[in-house]
There are 2 protein chains.
Amino acid sequence: MASSIHDLARHLNISIGTVSRALNGRADVNAETRQRVLDAARTLNYSPNQSGRSLRQGATRSIAFMLQPHPGDQQYGEPFFIPFLTGLQARLAESGLDLIVVMGAPGDYQQERLRRVVETRRADAVVLAWTRRDDERIDYLTERGFPFATLGRSRSGGKSYPSLDLDFEKAGSDAVDRLVSRGHRRIAAIRPSLDLNFGHLFMTGYRKALRRHGIEVDPGLIAEGFINEAGGYQVMPRVMLSKDRPTAVIFNNDAMALGGCKALAEMGIRPGHDIAVIVIVDTPLCRYFSPALTGFRPALEPMGQRLAEMLLASLPAYAGPEGTRIMREVWPLELVARESD
Amino acid sequence: MASSIHDLARHLNISIGTVSRALNGRADVNAETRQRVLDAARTLNYSPNQSGRSLRQGATRSIAFMLQPHPGDQQYGEPFFIPFLTGLQARLAESGLDLIVVMGAPGDYQQERLRRVVETRRADAVVLAWTRRDDERIDYLTERGFPFATLGRSRSGGKSYPSLDLDFEKAGSDAVDRLVSRGHRRIAAIRPSLDLNFGHLFMTGYRKALRRHGIEVDPGLIAEGFINEAGGYQVMPRVMLSKDRPTAVIFNNDAMALGGCKALAEMGIRPGHDIAVIVIVDTPLCRYFSPALTGFRPALEPMGQRLAEMLLASLPAYAGPEGTRIMREVWPLELVARESD
DNA sequence: TGTTCTACCGTAAACGTTTACGAGAACACA
DNA sequence: TGTGTTCTCGTAAACGTTTACGGTAGAACA
């Protein structure tokens with residue numbers, strides 16, 4: 001069924017070595033011979049067997065992205081990831097690499113899945129997302145010397161891997177600044193586990209900004225929930241029952257905001273009217289919500305492209321000129337003012 | 001760095017053949033020898049090289065899911081897919097198979113990407129989603145004899161592949177029935193391209209039900225948009241400008257409903273109050289929207305598991321007992337009544 | 001004519017597995 | 001003693017590539 005390099009060689013009456021060289025564009029093959037090989041490859045519908053190729057070369061020409069399940073969140077924060085993956089894949093494809101997305105079983109934090117990819121050498125490098133403050137995956141990969149890059153920062157590991165992150169701290173701070181400048185002083189924060197690094201960063205910015213404005217941080221105005229609609233919904237009432245109600249609330253992301261707004265609505269509190277709402281990570285959902293939610297929009301697709309570039313530059317096999325290795329970048333989160341604050 | 005089967009053999013002073021047999025649980029190896037091999041594998045941190053294995057066996061032990069980009073929709077309808085993929089991956093993992101998700105470049109309808117996967121034999125089978133009425137991918141795969149399964153039906157290809165679909169026709173019909181029973185007679189439909197088979201099915205049910213109730217289908221109440229927030233938003237006003245306004249609207253899915261409701265809000269029309277709203281494919285978003293949207297909830301994760309099972313049963317290499325091959329299933333879409341209708 | 005160089009190509013090994021085949025040893029049985 | 005059986009293991013080929021190495025033919029040059 002599938003034609004191999006041997007079939008081509010037999011068909012053309014030349015050796016497999018020559019066929020391979022012709023296909024791979026090596027110099028030491030006659031121009032006419034090369035053309036004949038290329039033609040034959042086309043007519044015989046030849047395409048190289050990836051297993052054979054990667055066995056010989058020791059490289060799979062593919063990059064794995066670990067799709068991270070999160071306890072309590074069946075949805076993986078995917079409106080966030082898909083545009084990122086689009087950019088990632090586009091840039092990788094330019095260099096002839098495939099992107100494979102590896103799904104983990106929910107709840108195991110990918111350790112098992114990651115091991116599998118690494119140990120069976122299914123990919124030449126991996127891309128991690130939703131980095132945690134102390135991320136065992138990073139430790140594991142650095143220890144094994146397996147190439148990787150991360151979307152998000154972490155305290156773990158050396159500094160010898162490419163990472164790209166958003167400036168959640170500044171966004172948290174900017175959100176507070178904006179609300180304070182509009183007269184708010186009781187500002188709630190609905191956040192995920194602080195274990196997730198972006199949650200930690202968001203809250204750092206939030207706290208710093210409050211202190212800067214001479215506002216005491218009130219633990220009663222801070223609540224932790226899963227990063228999805230249910231999380232925001234469950235947690236919002238607790239904050240609103242604070243003896244001194246907040247007049248504004250910052251949500252970590254759109255899904256939590258949606259759930260939170262639902263809870264508010266059920267309490268008869270109108271977002272954007274009775275309470276100001278800002279979300280840190282904006283997605284299309286925010287724009288079409290009523291009221292449209294003010295948020296910080298990440299440039300996800302360019303980020304995907306960029307991280308791919310950084311990763312590629314860090315791989316010896318695909319690296320460009322030496323010294324072009326970029327290690328860490330933090331991208332701004334741009335405020336999109338809408339109706340909710 | 002990576003230890004091979006040869007390292008094990010050398011370390012234990014036995015042949016690689018024996019090592020391989022011990023590892024693969026074959027019968028013709030002494031119990032004690034097997035134990036020694038297993039121990040050595042553990043201490044030397046051995047795990048089999050996937051490339052070598054699949055080269056030899058002609059099977060990659062992995063299934064590819066083609067993540068379908070849709071023109072105008074950067075988001076791939078992913079809240080829909082992720083739970084499905086979770087189920088798919090869980091069932092595949094049970095049989096020791098990996099799930100790899102292949103991203104296509106947006107806009108190319110995956111033909112290029114699919115070819116790549118098939119021709120380089122990166123996976124043993126593929127799973128297609130968002131099947132079109134006439135789906136060239138299905139034609140391509142059947143023609144090449146490459147195993148696959150589909151989430152969704154199609155007119156294309158033979159009937160010799162496993163497929164699992166939701167009963168969109170019944171849901172469309174049920175939605176109309178429900179609305180009519182509540183006194184509505186002018187019922188709008190916001191749908192995607194009819195080329196997408198689920199859009200076609202939805203509309204078939206919609207039309208049939210209307211006719212059954214003696215209601216004429218008004219083309220002015222039907223509008224086509226991209227399957228995302230922007231699509232619903234752009235298209236909704238046109239329908240509302242119909243000379244005889246609809247009193248109810250059925251959206252294909254949550255994202256379109258969100259956009260549509262935004263447009264309604266801007267026109268001063270309150271969903272669930274001034275106009276009834278039902279969505280065909282329900283996701284968590286519907287539940288937490290205000291008003292909570294009535295919709296039809298698919299059992300996505302079980303569907304993923306089921307389709308994996310069907311696919312596995314159809315593969316000679318992994319098949320269970322003969323005759324257990326299930327070919328096509330259509331699952332019900334269960335109505336979840338909420339506030340919007 | 002003899003030597004050297006270049007262009008092109010064939011040979012064969014190697015990557016890490018699995019597996020068909022056969023061999024040796026131990027044992028049973030006649 | 002001869003034959004057959006069973007258990008265990010080693011040998012070597014094969015999967016489809018890539019690539020180091022060497023060889024041949026012709027051209028160039030003295």
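Side chains included, hydrogens not; waters and symmetry mates left out as well; all remaining heavy atoms used. Residue numbers begin at 1 in each chain, while the letters A, B, ... track the order of the sequences.
- Under a cutoff of 6.0 Å and an axis angle of 45°, R153(A) and F198(A) do not form a cation-pi pair.
- Across all strands shown, G17(A) has heavy atoms under 4.0 Å from base atoms, whether or not it also approaches the sugar-phosphate.
- Not less than 6.0 angstrom separates the ring centroid of Y140(A) from the ring centroid of F146(A).
- At a threshold of 4.0 angstrom between heavy atoms, the contacts of S51(B) with the nucleic acid are absent.
- Among the heavy atoms of the strands lying under 4.0 Å from D28(A) is at least one base atom, whether or not backbone atoms are also near.
- In this structure, T33(A) reaches the sugar-phosphate backbone alone: every heavy-atom distance under 4.0 Å involves primed, P, OP1 or OP2 atoms, never a base.
- For S51(B) and S54(A), the side-chain atoms include at least one donor-acceptor pair closer than 3.5 Å.
- From the 5' end on, the contacts that DNA chain D makes with chain A at under 4.0 Å to a non-hydrogen atom open and close at dG16(D) to dA20(D).
- Contact of the R306(B) side chain with the W331(B) side chain is registered, since non-hydrogen atoms from C-beta on lie closer than 4.5 Å.
- Counting to the nearest Å, the P atom of dT11(C) and the CD1 atom of I5(A) are 15 Å from each other.
- No side-chain donor-acceptor contact under 3.5 Å links R116(B) and Q50(A).
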Check: Yes or no on side chain to side chain contact (heavy atoms under 4.5 Å, CB included) for L85(A) and L99(A), after CA distance, side-chain angles and deciding distance?
Finding: CA-CA 9 Å; L85(A) 286 176; L99(A) 171 67; 4.0 Å; yes
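- D124(A) and T60(A) are linked by a side-chain donor-acceptor pair at a separation below 3.5 angstrom, with hydrogens and angles left out of the test.
- Note: CD1 (I16(B)) to C1' (dA20(C)) measures 14 Å, nearest angstrom.
- Annotation: of the two residues near DNA chain C, G52(B) and R26(B), the 5′-most nearest-nucleotide partner is G52(B).
- Note: CG (L23(A)) to P (dC9(C)) measures 14 Å, nearest angstrom.
- One atom, CG of N30(A), and another, C1' of dC8(C), lie 7 Å apart when rounded to the nearest Å.
- Looking at heavy-atom distances under 4.0 Å, S4(A) makes contact with sugar-phosphate atoms alone, never a base.
- Closest-nucleotide positions on DNA chain D for A27(B) and P48(A) were compared, and the one nearer the 5' end corresponds to A27(B).
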